[in-house]
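Data block below; observations after.
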Amino acid sequence: MPLKLYNTLARKKEDFKPLADNQVGLYTCGPTVYDYAHIGNLRTYVFEDVLKRVLLYDDYKVKHVMNITDVGHLTSDADEGEDKMEVGARREKKTAWEIAEFYTKAFKKDIAQLNILPPDIWCKATDHIKEQIKLIETLEKKGFTYETDDGIYFDTAKFENYGALAKLDIEGLQAGARIEIVKGKRNPTDFALWKFSPSTSSGEKRQMEWDSPWGTGFPGWHIECSAMAMKYLGEQIDIHCGAVDHLNVHHTNEIAQSEAATGQKFVNYWIHGEHLLVNGGKMSKSEDNYTTLQTVIDKGYSPLVFRYLVLTSHYRSKLNFTWESLRAAQNALAKLSKQVAELSDTEKPDQEYADKFRTALNDDLNTSQAISVVWDLLRTDRPAGVKKATLLDFDKILGLDLDKIEKRSTKIPAKMEKLLAERKQARADKDWGRADELRNEIEQAGFTVNDTPEGQRVKQAS
Ligand code: AMP
Ligand code: ZN
């Protein structure tokens, strides 16, 4: 079965056909490195990883580019508010550059722990200022830009079909707009390509700023993705991904500025993942309802348990995160790994199940169906070696390290070991107050502790 992907441009599943024979150019919008990624962000990177692994499994050569947004993403996602990097810098009393370096490393560690294959090219916005300026100059020459007191803006009224990807109601937006929020903006959907640094008289000094033909400043958020995608993948690319929150503004603006500059279609397949929710609302830094991968680990879960949880839902469905669902994923994955470990030597994979598995994934990455195929196979009377070979083959896409059991067992985190050792000492010293305090700390970290004749017994709270 050929690979079918749901293309946001067409709002339907389409057969995937790359521009060049069996080469695929894949661009995935990367993190804004002003803080740790949360597991909502990471859900999106897991879905993109499955897409990439399915392409590789289908024998395509994939060139994958991911950017690092280290300048210009304002707190509003549009043209108001502060640069998130400067907010992070102030919060931590470090420079914006230090913040960027620290959280880029943290992000790379997160994705490695989730078995997400790294891109072939990482590219930072701040390393590509020249390319961004050049693209803005092209847009200027072609008459798509105008200048305000605040920066250089893209005039969306000049770009026919603006907002087609998101099916934006431009007239509705015009009517309800508060254009005056950014003084001098001609249309509510216009967006900044280059923002000027605050005037020297204001006493504010940006940490990240560059000279440009229009004055000292920094690039708007969207231009980096167009400039870097085109630099590394060409003017036309096969697949561009992100989560649905990027549809209305970020990806819509990427299309406008790229196609205005080149006169060609920018991306053939736009693939968007749905959000991870908490109590029915989007997990987000601004809502303060987020969980990091480190918290998941501190509670004793392997990062791959989160990966398993993500795989059990379809990428275009919302997924409400609860600790109960993570615990259920942990049990399922432990059971799966145990069964795989008990299987004897490998033989050849089973063709029928391999076909079922591939069919599920080639049908718009139906990972939940693929996981059902895994369990169905285990219930058959196929020889152990055949089952094992088939499952190890599936794991090229699942990325669950099914052959490495030790990676998934519940670990008592180092922090917990320390609390337990302290509590043991407090009890030996008959310092019951301190022992109770430590019990509270242990329980707050999601564990329970019982005192038995053999000593403390600790387990994850259920
Ligand atoms: P950011 O670091 O804010 O630029 O976002 C990184 C990626 O995470 C983008 O593709 C976003 O669309 C995506 N994202 C943000 N919030 C969520 C969420 N709650 N669930 C899934 N993806 C998200
Ligand atoms: Zn982007």
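Order of appearance sets the numbers: ligands from 1, and atoms from 1 within every ligand.
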Considering only non-hydrogen protein atoms, determine which one is nearest to [atom] and report residue, atom name and distance to 0.1 Å.
atom                    : answer
atom 22 (N) of ligand 1 : T44 OG1, 2.6 Å
atom 10 (O) of ligand 1 : A243 N, 3.4 Å
atom 20 (N) of ligand 1 : L276 N, 2.8 Å
atom 21 (C) of ligand 1 : G40 O, 2.9 Å
atom 6 (C) of ligand 1  : Y45 OH, 3.1 Å
atom 16 (N) of ligand 1 : K282 CE, 3.4 Å
atom 11 (C) of ligand 1 : D245 OD1, 3.5 Å

Under 6.0 Å from the [atom1] atom of [X], do we count more than 12 heavy atoms belonging to anything else shown?
X    : atom1 : result
E160 : CD    : no
E137 : CD    : yes
D15  : CG    : yes
K124 : NZ    : no
N440 : CG    : yes

So is there a nitrogen or oxygen of [X] less than 3.5 Å from a nitrogen or oxygen in ligand 1?
X    : value
H275 : no
P31  : no
M283 : yes
G242 : no

Q) Which option out of L277, N67, N41 puts a heavy atom nearest to atom 14 (N) of ligand 1? A)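 Considering heavy atoms of L277, N67, N41, the nearest to atom 14 (N) of ligand 1 sits in N41.
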Q: For G30, counting its heavy atoms only, list the atoms of ligand 1 lying under 4.0 Å from any of them.
A: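 This gives 4 (O) as the contact atoms.
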Can an N, O or S atom be found in [X] less than 2.8 Å away from the Zn ion (ligand 2)?
X    : value
C225 : yes
H250 : yes
H246 : no

Q. According to the interplanar angle, ranging from 0 to 90°, do the rings of H250 and H222 count as parallel (below 30°), tilted (30 to 60°) or perpendicular (above 60°)?
A.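 Correct class here is tilted.
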**Q.** Residue pair C123 / H128: nearest heavy atoms and the distance that separates them
**A.**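 For C123 and H128, the tightest heavy-atom pair comes out as CB-CE1, 3.6 Å.
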Q.
Within the structure, is a non-hydrogen atom of H38 found at a distance of less than 4.0 Å from ligand 1?
A.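 Flag set, H38 near ligand 1.
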Q. When you look for heavy atoms under 4.0 Å from ligand 1, do you find them on the side chain of T32, its backbone, both, or neither?
A.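 Both backbone and side chain.
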Q.
Just to be sure I read this right, does ligand 1 sit under 4.0 Å from the backbone of H246, its side chain, both, or neither, counting only heavy atoms?
A.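 The answer is the side chain.
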**Q.** Check against side chain to side chain donor-acceptor pair (under 3.5 Å), H240 and E254
**A.** CA-CA 11 Å; H240 194 315; E254 275 190 48; 2.7 Å; yes
(Q) Under a 4.0 Å threshold between the charged nitrogen and the carboxylate oxygen, would R316 count as salt-bridged to D364? (A)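 So D364 pairs with R316 through a salt bridge.
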**Q.** From CA spacing to verdict: side chain to side chain donor-acceptor pair (under 3.5 Å), Y315, R43
**A.** CA-CA 9 Å; Y315 77 95; R43 178 193 186 192; over 6 Å; no
Q. Honestly, is K84 close enough over W221, meaning NZ or CZ under 6.0 Å from the six-membered ring centre and within 45° of the axis?
A.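 No, cation not above the ring by the 6.0 Å, 45° rule.
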Q | Option from V374, I397, I371 for which side chain to side chain contact (heavy atoms under 4.5 Å, CB included) with L311 holds | A |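 The option that passes is I371.
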